[in-house]
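Report on the structure given below.
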Amino acid sequence: MWGGRFEGGPADLMRSINSSIGTDKRLWREDVEASRAHAAMLGRQGIIPAEDAAAIEAGLIAIAEEFAELGVAEDSALEDIHMHVEQRLTEAIGPAAGRLHTARSRNDQVATDLKLFVRGAIDEALAAIDGLEAAILGRAEEQSATIMPGFTHLQSGQPVTLGHHLMAYREMLVRDRSRFADARARLNECPLGAAALAGTGFAIDRDSTAAALAFDRPTANSIDSVADRDFVVDYLHAAALCSVHLSRLAEEITLWASQPFAFVALPNAWSTGSSIMPNKRNPDAAELVRGHSARILGDLVALLVLLKGLPLAYAKDLQDDKTPLFDAHDLLIVSLHAMAGMVAEIGFDAERMRAAAENGHSTATDLADWLVADGGIPFREAHQIAGRAVAIAEAKGVGLSELSLEELQSIDPRIEAAAIERLSVEASVASRSSAGGTAPERVIEAIAAARAARRSQ
Ligand code: ARG
């Protein structure tokens, strides 16, 4: 299609390094859609004869049906999806197909196709995020009063409720949703009509093609239109961070499923056995989600590095934007769905979690807080007193809440019986009722607020 000035064809290796059809055939829907919008506009503007525009339109519809049914038949002589669609069109309708590429270049064409693809990928990610959020809300509600150890430095810090812990992941998803929505809003300008890089002398109507493809408006600068891949970076960044969130959840599931923890039982549907150890039940799905996140992060970095040295406007390096984009999209969607399934079906061992929450004198802060609130003692001094109580409990090999009043009063006579009541894990979580705190009532409120937000979304 570009052979006019050449005498011989490209070397075999040149052909193969130049070819992207194996990857970008995935863009056939977007390519046909954008081509239809372009052809219809050319016809309306009188740039090509109306009957040719109509023939192109009908031909493109037929090609879409064919591709949907049979897939794109790869032809090694044609570089990319744009050429494949145009070639099929030529076979289908004859020379009128040659008018489609008027006032257009593959540079604005691929930018437009890619934006349509990323927009769809964002919508799929948003739907999958909603699915995971729904699973989290269901389990958080059921486990709103289940007590587990809350960790800092992976050391038991203070008891928390499992519902509260799960809802922490919901907050990450809310931010992910907002990042994807933001990326979607920012990308929604149509590059079509920028042509190769400078615009075109034909009297095209960019507003109408932008509207036909559901973009908010045409892009403002033709050079930027064909050189810009920020929207892919925005998408990959949102995907990378979302995958990091999934990876943290996957890591916790893996840890909790490990025998020394045994906080959870993995569902059959989301675990695998070992070919040698009959006793094994492995958290493969969680581990793969954790692994996929590494690849998605690599995809983001690949694209940033691809762009950083590129002079304006289009350069063929940009053809390599698709592999990381498609890879990240596929991995993210499967990860979100797998985590939704896992969260919905995992078994929580509430007794085991509660027992672990009692370890590590996790209510020492509650003793200090009682000394402050009821004893009028400054927090720093209260911290010291509670620390001495922990030392005695540790020396005796008992939990803090098992110390007698006499033993506590030997540390500080201001400690009263009421303080001891505060040292159970139940009392501890119930007391943490500040806004955003772990108390079961706050968790129930947070879930209700999340559900209301979903309804108004
Ligand atoms: N296959 C190319 C890509 O994905 C399409 C644009 C080609 N443009 C060009 N001037 N060679 O980037």
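Given the structure is predicted, the values throughout are model-derived calculations rather than measurements.
Sorted by first and then second residue, the pairs that involve residues 288-303 and meet side-chain hydrogen bond (donor to acceptor under 3.5 Å, both in side chains), not counting sequence neighbours, are E251-R290, R295-D327. Every pair passing salt bridge (Lys or Arg N to Asp or Glu O under 4.0 Å) that includes a residue from residues 423-436 is listed here, sequence neighbours excluded: R354-E426, D366-R432, D369-R432. For residues 130-150, the pairs satisfying salt bridge (Lys or Arg N to Asp or Glu O under 4.0 Å) are D130-R177, E133-R170, E133-R177, E133-R454, R139-E142, E141-R451, with sequence neighbours left out. For the ring-ring contact (aromatic ring centres under 6.0 Å, His included) condition, the pairs that include at least one residue of residues 123-166, sequence neighbours left out, are H165-W256. Applying the ring-ring contact (aromatic ring centres under 6.0 Å, His included) test to residues at least two apart or on different chains, the pairs with a partner in residues 166-187 are F180-Y235.
In this structure a side-chain-to-backbone donor-acceptor pair under 3.5 Å is present from D108 to A195. Checking side-chain atoms of S19 against main-chain N and O of S16 turns up no donor-acceptor pair under 3.5 Å. Panel note: side chain Q143, backbone A140; no donor-acceptor pair is recorded below 3.5 Å. D349 places no side-chain N or O within 3.5 Å of a backbone atom of V264 that could act as its donor or acceptor partner. Here the side chain of S35 pairs a donor or acceptor atom with the backbone of D31 at under 3.5 angstrom. A donor-acceptor pair is defined here as one N or O able to donate and one able to accept, closer than 3.5 Å; such a pair exists between the side chain of S424 and the backbone of A427. Checking side-chain atoms of S222 against main-chain N and O of L197 turns up a donor-acceptor pair under 3.5 Å. Side-chain N or O atoms of N188 include one that pairs as donor or acceptor with a backbone N or O of A214 at under 3.5 Å. For S428 (side chain) and T363 (main-chain N/O), no donor-acceptor pair under 3.5 Å exists by modelled atom type. Between the side chain of H383 and the main chain of F379, no donor-acceptor pair closer than 3.5 Å is present.
The one candidate from L241, V301, L303 that meets the side chain to side chain contact (heavy atoms under 4.5 Å, CB included) condition with L236 is L303. Each of D24, L114, V233 was compared with D321 under the side chain to side chain contact (heavy atoms under 4.5 Å, CB included) criterion, and only L114 meets it.
Going from atom CG of L27 over to atom NZ of K25 covers 12.0 Å, rounded to the nearest 0.5 Å. Here the CG atom belonging to L192 is positioned 9.5 Å from the OG atom belonging to S208, to the nearest 0.5 angstrom.
Salt-bridge check for D176 with R179: passed, with a basic side-chain N closer than 4.0 Å to an acidic carboxylate O. For E407 and K396, the salt-bridge test passes: some basic side-chain N is under 4.0 Å from an acidic carboxylate O.
Atom CZ of R352 is surrounded by more than 12 heavy atoms from other residues, nucleotides or ligands within 6.0 Å. L405 CG: more than 12 foreign heavy atoms inside a 6.0 Å radius. The neighbour count for K316 NZ, taken as heavy atoms of other residues, nucleotides or ligands under 6.0 Å away, is above 12. When the shell of 6.0 Å around CD of E351 is examined, it contains 12 or fewer heavy atoms from other residues, nucleotides or ligands.
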Applying side chain to side chain contact (heavy atoms under 4.5 Å, CB included), run through M342 and L249 and close with a yes or a no. CA-CA 10 Å; M342 186 109 70; L249 177 55; over 6 Å; no
Apply the test salt bridge (Lys or Arg N to Asp or Glu O under 4.0 Å) to residues K115 and E30: give CA-CA distance (whole Å), side-chain angles for both, the deciding distance (0.1 Å), then the verdict. CA-CA 9 Å; K115 279 195 167 181; E30 290 79 7; over 6 Å; no
One pair to check against side chain to side chain contact (heavy atoms under 4.5 Å, CB included): L367 and R422. What are the steps and the verdict? CA-CA 7 Å; L367 177 57; R422 298 282 290 275; over 6 Å; no
Salt bridge (Lys or Arg N to Asp or Glu O under 4.0 Å) for D123 and R184? Distances and angles first, verdict last. CA-CA 9 Å; D123 291 342; R184 194 189 197 287; 2.8 Å; yes
Apply salt bridge (Lys or Arg N to Asp or Glu O under 4.0 Å) to residues D207 and R217 and explain how you reach the verdict. CA-CA 6 Å; D207 290 321; R217 64 192 78 83; over 6 Å; no
Given the rule in the side chain to side chain contact (heavy atoms under 4.5 Å, CB included) test, do H38 and T112 qualify, once you have shown the distances and angles that lead to the verdict? CA-CA 11 Å; H38 182 67; T112 306; over 6 Å; no
Intermediate values then yes/no, side chain to side chain contact (heavy atoms under 4.5 Å, CB included), D80 and I21: CA-CA 4 Å; D80 55 25; I21 184 61; 5.5 Å; no
Can R442 and E445 be said to form a salt bridge (Lys or Arg N to Asp or Glu O under 4.0 Å), step by step? CA-CA 5 Å; R442 290 289 97 86; E445 279 170 17; 3.0 Å; yes
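Nearest heavy-atom pair across S225 and A194 is CB-CB, 3.5 Å. In terms of heavy-atom proximity, P159 sits nearest to S362 at CD-O, 3.3 Å. Heavy atoms only, all atoms of each residue included: T146 and A350 are closest at CG2-CB, 3.7 Å. In terms of heavy-atom proximity, L297 sits nearest to A240 at CD2-CB, 3.5 Å. Closest heavy-atom contact between V443 and G163: CG1-C, 3.8 Å. Between V232 and V118, the shortest heavy-atom distance links the atoms CG2-CG2, 4.4 Å.
Counting heavy atoms from C-beta outward, L371 and I415 have side chains that approach closer than 4.5 Å. Looking only at side-chain heavy atoms (C-beta outward), R281 and N268 come within less than 4.5 Å of each other. You'll find the side chain of D182 stays beyond 4.5 Å of the side chain of D234, heavy atoms only. Counting only heavy atoms from C-beta outward, the side chains of L332 and L246 approach each other to under 4.5 Å. Looking only at side-chain heavy atoms (C-beta outward), I253 and M339 come within less than 4.5 Å of each other. Counting heavy atoms from C-beta outward, M41 and I204 have side chains that approach closer than 4.5 Å. Using a 4.5 Å heavy-atom threshold, the side chains of F263 and I346 count as separate. Residues R88 and E66 form a side-chain contact, since some pair of their non-hydrogen atoms from C-beta on lies under 4.5 Å apart.
Counting only N and O atoms by type, the side chains of D284 and T272 include a donor and acceptor under 3.5 Å apart. Side-chain polar atoms of R206 and T219 form a donor-acceptor pair below 3.5 angstrom. Side-chain N/O atoms of Q158 and T365 include a donor and acceptor closer than 3.5 Å.
Not counting sequence neighbours, the partners of W28 by the ring-ring contact (aromatic ring centres under 6.0 Å, His included) test are F67.
The cationic group of R119 lies under 6.0 Å from the six-membered ring centre of F215 and within 45° of the ring axis, placing it in a cation-pi geometry. The cationic group of R26 lies under 6.0 Å from the six-membered ring centre of F326 and within 45° of the ring axis, placing it in a cation-pi geometry.
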